[in-house]
Amino acid sequence: MTSRFSQLSLAVSNHVIDGNVSSGGYHEDDVAYADLMSQRRDLDAASTSSYANAVTSTATVATTMAYLPQTVVLCELRHAAFEASTPTGPSDSGLVSKWRPKDRMKTGCVALVLCLNISVDPPDVIKISPCARMECWTDPFSMAPQKALETIGKNLRDQYERWQPKARSKVELDPTVDEVKKLCNTCRRYAKSERVLFHYNGHGVPKPTANGEIWLFNKSYTQYIPLPISDLDSWLKTPSIYVFDCSAAGMVVNAFIELLDCGTSNYPGSSRDCILLAACEAHETLPQSAEFPADVFTSCLTTPIKMALRWFCTRSLLHESLDSSLIDKIPGRQNDRKTLLGELNWIFTAVTDTIAWNVLPHDLFRRLFRQDLLVASLFRNFLLAERIMRSANCSPISYPMLPPTHQHHMWDAWDMAAEICLSQLPSLVEDPNAEFQPSSFFTEQLIAFEVWLDHGSEHKKPPEQLPIVLQVLLSQCHRFRALVLLGRFLDMGPWAVDLALSVGIFPYVLKLLQTTTPELRQILVFIWTKILALDKSCQVDLVKDGGHVYFIRFLNSAEAYPEQRAMAAFVLAVIVDGHRRGQEACIEAGLIQVCLKQLHGFTQNEAQTEPLLLQWLCLCLGKLWEDFTEAQIIGLQADVPAICAPLHSEPQPEVRASAVYALATLLDVGFDSFRDGIGGDEECDDVEKNRAEMIIIKSLLNVVSDGSPLVRAEVAVALAHFAFGHKQHLKSIAAAYWKPQPNSLLNSLPSLANIKGTGSGNIVSSQIGPLTAMVRDGRVSTSSPLATAGIMHGSPLSDDSSQLSDSGILNDGVSNGEVNHSRPKPLDNAMYSQCVLAMFTLARDPSPRVASLGRRVLSIIGIEQVTKSVKPAGNSAWPSDPANSSSTPSISGLARSSSWLDINGGHMALTFRTPPVSPPRQNYLAGIRRVCSLDFRPHLMNSPDSGLADPLLGSASGSERSLLPQSTIYNFSCGHFCKSLLTASDDSEELLAKREEQERFALEHIAKCQHSSVSKLNNNSQIASWDTRFETGTRTALLQPFSPIVIAADENERIRVWNYEEATLLNGFDNHDFPEKGISKLCLLNELDDSLLLVASSDGNIRIWKDYTLRGKQKHVTAFSSIQGHKPGMRSLNAVVDWQQQSGYLYASGEISSIMLWDLDKEQLVNSIPSSSDCSVSALASSQVHAGQFAAGFVDGSVRLYDIRTPDMLVRTTRPHTQQVARVVGIGFQPGLDQGKIVSASQAGDIQFLDIRSQRDTDLTIDAHRGSLTALAVHRHAPIIASGSAKQLIKVFSLKGEQLGTIRYQHTFMAQKIGSVSCLTFHPYQVLLAAGAADACVSIYADDNSLTR
């Protein structure tokens, strides 16, 4: 019960491992995952227990552990923030999409300018001997100068083409300024908006000038001609990349930066995209050592492997044994990773990528290394140039500037890999058939990444191996393991997904969707789940590449585990979310049929299906046909309503809410014609649509009273959409409710029994209560929405004339624009009536969020909620006279109101009165506000006199539909995939430690309670007294088990929390805004863990709070109405409830003929047990050690014991209170493990000790108070009970009937009369008694032996 979907984590890790078997031998992964799983399982086992276990333990194990229930409820994701916030779902903008290259770019043209002037040295260069001579690995002096120049030019072009084969390359050899200008203009014209690369080799001309001019030649080669960098920039324009290989190249870079800063270039600075790479700083000359080529910078940029190995060879131990000429003979191709050359190139790419990723800011990394393939290659190679040239005291520079990288420790990994590969080189060159042994580089890096995963976190330095993991995905032999590790990394949180996307993972995992390798499928689905949980924008790429087909196939595969199919359904739901192209593509690929086949299979087989899969199948379908008519029609033809209906009784609220969502998104089908009031020709289509809509609405009305606000919120949203399509009909029905009728008519109103006859289950808890409402047409205002609580079906109000408005208005010939329909009604009156009632139920929902949705739904059909909150002022109780409640606030244009009608808290106290003065008729007509007219004049909706209070319809845009309340279940459900699925949350150990400590405390004190005799409890035993300042006295109180805290509540549903040790008020808050009959019970849920406060109101509404001891920080966990199906005329429900932690059940009853059994884990009514009595239940108690066993005391003095594990449920009925028939005021199970030992106290004052197994009705009788007993408390573990009377007296007895003490309430110093004892409660593990009375005082008493804090 702790974590309903917790098994998913195991499943994911489990199934990821299953793939290992076929992928061949990554056993270390198996071990890691197995460890992960076992930890998670231990955790789950420690906190989960089933009802079956509880039953067996009761039968067999009489140990103290029976006193410590293992069940924990209401601690799911949905309870954390349902009321507090609106979930957002995957983002499609903002931070997350920053990883996307803004615009992918390519270099379309390469301009190569070589100024070598072979055999003529420039005047500013003095060469050493021997001197560096090689240009593009060619010795210019080994052939005629012209031929050498052409050869070098051709080689350079070939070297660049290896990096960007599709770019057009043009070479100018020893050119003039005009030739360069023509070259630049031609390149820009050809490249259009693509990047142009300009490579300048100035080894045969002087250094650039201080102004940043580079040198070219005149036609006759008699002069050097300067070319200003500004001219070059004006010809090449943007985007561009420049490579300057000459001495003092930094001069050019400095001049360029000045040019950009001054803004004198041809383009404004903001749109410039210029990148510069230069061989050295402004004051440096190029290295001349013969160990380097003359163009060492160009060689590093264009032939990095050859350059790196040659340089490494001279510094390695291999230089003696390895002939450097062998480096030119390395076998293989650069792009074939199975060869030596390919492997070296692959390792080099991984190393340089990793260095850049770890050193550069991420946005610069993306711009330089991920936007343009050629730029990325040049910058990787530039890192090598920096390393090699710095060894010759030369510092290459770039713009944008990079931090120094030449000493990065990843270069050591490169050196080692290079050495291992080179050591194989002689044998490979000798024997072409010899097998090449791949390097262990990638295996080692994956191990390093795995070590980081074991110890790293968001707050530590990110793993530097991330770019290597990316490279490893290219290799089949490492791919599976890399994906598994990547999956573990992504699972660490959205920050990890963002990092992985920034490093460039997206195109790799997108490409992998084209593979058919079966073992990769599960981990790929997991990875895509993680990506899409963060960033929805990927949906476009997936559809464009046909990736959706991969997930549909996976969803349809029988061998995939259900938890993983749920992830595939999630991915598909994101693909179709608000994306028409995605919806169309998925329908073409048969997604609807795949989802329905699985849902249908589940409903047929009755087998337990993974709830997460059911949930996401429904959400996927809902998103698929949301606002998409073709898909909706396919869904209706496939009979979706019938397939989804069984899901409304699933144990998981998320599944129920998702099923409601799937049906609700079908409701939009074809009702545009109804909305527009235009008649359609296809009558048969309309009949079909109406039939489908009828089925959907019936299905939805069955879950209006679901126990989970998550589900009810979806029903409210669905009803809002339905109301929008049918508002004319619903308005007329709603208006008919408030029409003034002669009193005789009230007798003809049908009861709720009639509703059930019209095809719906228990849809309404009819105590609509004091919500002031006003019909928007201005006809009627009432102080309660359900003025006639019955349905109009079958009453005189349901004929057609009753839909028309006030007869006076009709006599004046005013036509109400929405009543005279030319179309027949789409659905019958009874169905509309049920919908209106359901809307009222939702508007009065105990959950604030659901109630506000319900009020928005009512505003659509013209009913304005005016009273937001009416709190009694001072000492006054709730106002009963409608004139006192602010039922008719003055709203401009509403001149009079036809009648006031008061239903107070659900009972029908119908009082009519006519306003004293009726204003002149014409003024009334002039002032009528008819919402119907707004249907046809949307542009008037914002006008000041429209008087619309609800923002829902107050928009001038005219697109009312976009303002309808939106479903939140999809966004809420996405949150599940954002959190870690493979590891337990960090705080679980802390929680377990806290629980163990509290269990120790509990067991120790239980033993003390059981074995030490209780000494006297009397007035001297009082340890604390607290004036709660409740005007109406204390109604109920509760002692916290592990802290000195007492919680008390009053008639007006105010709750106050007090620390009795420090005598301080910790918190005080209102249970809700419409207090009615007070609070009947306070219970603690999960008392051994983080406890929750259950507050039961007398009307049967349950609200559960967390953080209730923190001032102003209390939060709603959930809320529901626990009593359903009662008669509408009931004056008061006087609900009685009790909570049983062992089973996770809440028992509730009152003035109804059954006892409701709620499973709080499922948030579902699991049974309605007939009470087998004509009288109502007045007291309820559940056994705290025997799950499923509870006792009920009745108004007629009878007591019944029930056990839900037995077929009949009712175990025995007794009538112990025989002396005088009086209601049972208190009932409780005697301490200990004995089954069926009960204590019962009646109003007459007698306390009976019963043993259900013995034939006698009572074992022992105590006459405690004469005719005035008001409260009973039975200690959970100590042999002690206490009773209170109306005569300010508390008596304490042992289980043997011996009186242990009397506590008389002292008169206060003002000697005012003190009310009766209203509540008594014992501390669960200590002999402490809290007593509350009608004088608002709560006192706490302790026996002498008890360890008082």
Side-chain angles (χ1 to χ4, degrees), residues 9 12-13 16-17 20 26-40 99 346-347 349-362 365-366 369 405 407-414 416-417 439-475 477-506 508-509 523-524 526-527 529-531 533-534 978-986 989:
S9 51
V12 173
S13 43
V16 164
I17 293 178
N20 282 0
Y26 284 111
H27 299 297
E28 56 264 56
D29 280 348
D30 295 11
V31 174
Y33 270 78
D35 285 355
L36 201 69
M37 285 164 58
S38 63
Q39 289 165 22
R40 186 67 193 244
W99 60 269
W346 187 27
I347 295 172
T349 305
V351 166
T352 46
D353 241 16
T354 303
I355 293 172
W357 161 252
N358 285 295
V359 168
L360 301 187
H362 287 182
F365 173 81
R366 285 194 291 273
F369 285 81
T405 58
Q407 290 180 323
H408 196 279
H409 65 89
M410 281 305 292
W411 285 121
D412 299 334
W414 159 252
M416 184 176 171
S439 157
S440 58
F441 172 81
F442 289 106
T443 310
E444 286 156 8
Q445 294 300 322
L446 285 180
I447 291 169
F449 184 48
E450 196 167 4
V451 169
W452 187 94
L453 287 175
D454 291 338
H455 304 287
S457 74
E458 181 178 2
H459 310 294
K460 295 187 179 168
K461 192 168 165 260
E464 58 179 33
Q465 295 80 19
L466 214 46
I468 296 176
V469 175
L470 211 68
Q471 290 295 323
V472 172
L473 294 181
L474 299 168
S475 147
C477 61
H478 298 294
R479 187 177 291 156
F480 177 78
R481 185 172 174 215
L483 283 171
V484 169
L485 295 177
L486 181 63
R488 275 181 63 190
F489 177 66
L490 297 180
D491 193 53
M492 295 177 95
W495 62 273
V497 181
D498 198 31
L499 271 181
L501 289 171
S502 300
V503 83
I505 197 112
F506 187 77
Y508 289 75
V509 286
I523 187 63
L524 271 176
F526 180 78
I527 286 170
T529 299
K530 284 294 174 185
I531 292 174
L534 177 80
C978 292
K979 61 185 181 60
S980 174
L981 301 174
L982 298 176
T983 53
S985 60
D986 295 340
E989 284 178 21

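Numbers here are sequence positions counted from 1.
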Could you pull out the closest heavy-atom pair between [X] and [Y], with the gap in Å?
{"X": "D498", "Y": "L534", "answer": "N-CD2, 4.0 Å"}
{"X": "L499", "Y": "P462", "answer": "CD1-CB, 3.6 Å"}
{"X": "S439", "Y": "A417", "answer": "OG-CB, 4.1 Å"}
{"X": "L446", "Y": "L485", "answer": "O-CD1, 3.7 Å"}
{"X": "F442", "Y": "A350", "answer": "CE2-CB, 3.9 Å"}
{"X": "V469", "Y": "A482", "answer": "CG1-O, 4.0 Å"}

Report summary line: Applying side-chain contact (heavy atoms from CB on, under 4.5 Å) to S440 and not counting sequence neighbours gives E444

For the pair [X] (side chain) and [Y] (backbone), establish whether a donor and an acceptor sit closer than 3.5 Å, ignoring hydrogens and angles.
{"X": "W411", "Y": "I355", "value": "no"}
{"X": "K460", "Y": "H455", "value": "yes"}
{"X": "D491", "Y": "L981", "value": "yes"}
{"X": "W357", "Y": "V503", "value": "no"}

Rounded to the nearest 0.5 Å, what separation is found between the [atom1] atom of [X] and the [atom2] atom of [Y]?
{"X": "S980", "Y": "R488", "atom1": "OG", "atom2": "CZ", "result": "10.5 Å"}
{"X": "L453", "Y": "Q465", "atom1": "CG", "atom2": "CD", "result": "9.0 Å"}
{"X": "M492", "Y": "L982", "atom1": "CE", "atom2": "CG", "result": "10.5 Å"}
{"X": "F449", "Y": "I468", "atom1": "CZ", "atom2": "CD1", "result": "10.5 Å"}
{"X": "F480", "Y": "S475", "atom1": "CZ", "atom2": "OG", "result": "14.0 Å"}
{"X": "T352", "Y": "M410", "atom1": "OG1", "atom2": "CE", "result": "9.5 Å"}

Requested in this report: Could you list the residues that satisfy salt bridge (Lys or Arg N to Asp or Glu O under 4.0 Å) with D353, not counting sequence neighbours?
Outcome: R370, R380

Query raised in the report: Would you call the rings of W452 and F489 parallel, tilted or perpendicular if under 30° counts as parallel and over 60° as perpendicular?
Result: perpendicular

Report task. For residues S502 and R366, determine if any side-chain heavy atom of one lies less than 4.5 Å from a side-chain heavy atom of the other. Result -> yes

Query raised in the report: With side chains defined as the heavy atoms from C-beta onward, is the minimum distance between T354 and Q445 less than 4.5 Å?
Result: no

Report task. Start with the C-alpha distance between L483 and L473, add both sets of side-chain angles, then the distance that settles side chain to side chain contact (heavy atoms under 4.5 Å, CB included), and finish with yes or no. Result -> CA-CA 7 Å; L483 283 171; L473 294 181; 3.6 Å; yes

Query raised in the report: Do you see a donor-acceptor pair shorter than 3.5 Å between the side chains of E464 and H409?
Result: yes

Requested in this report: Determine, stepwise, if the pair V359 / H408 fulfils side chain to side chain contact (heavy atoms under 4.5 Å, CB included).
Outcome: CA-CA 9 Å; V359 168; H408 196 279; 3.9 Å; yes

Report summary line: Residues passing the ring-ring contact (aromatic ring centres under 6.0 Å, His included) test with F369, sequence neighbours excluded, are F365

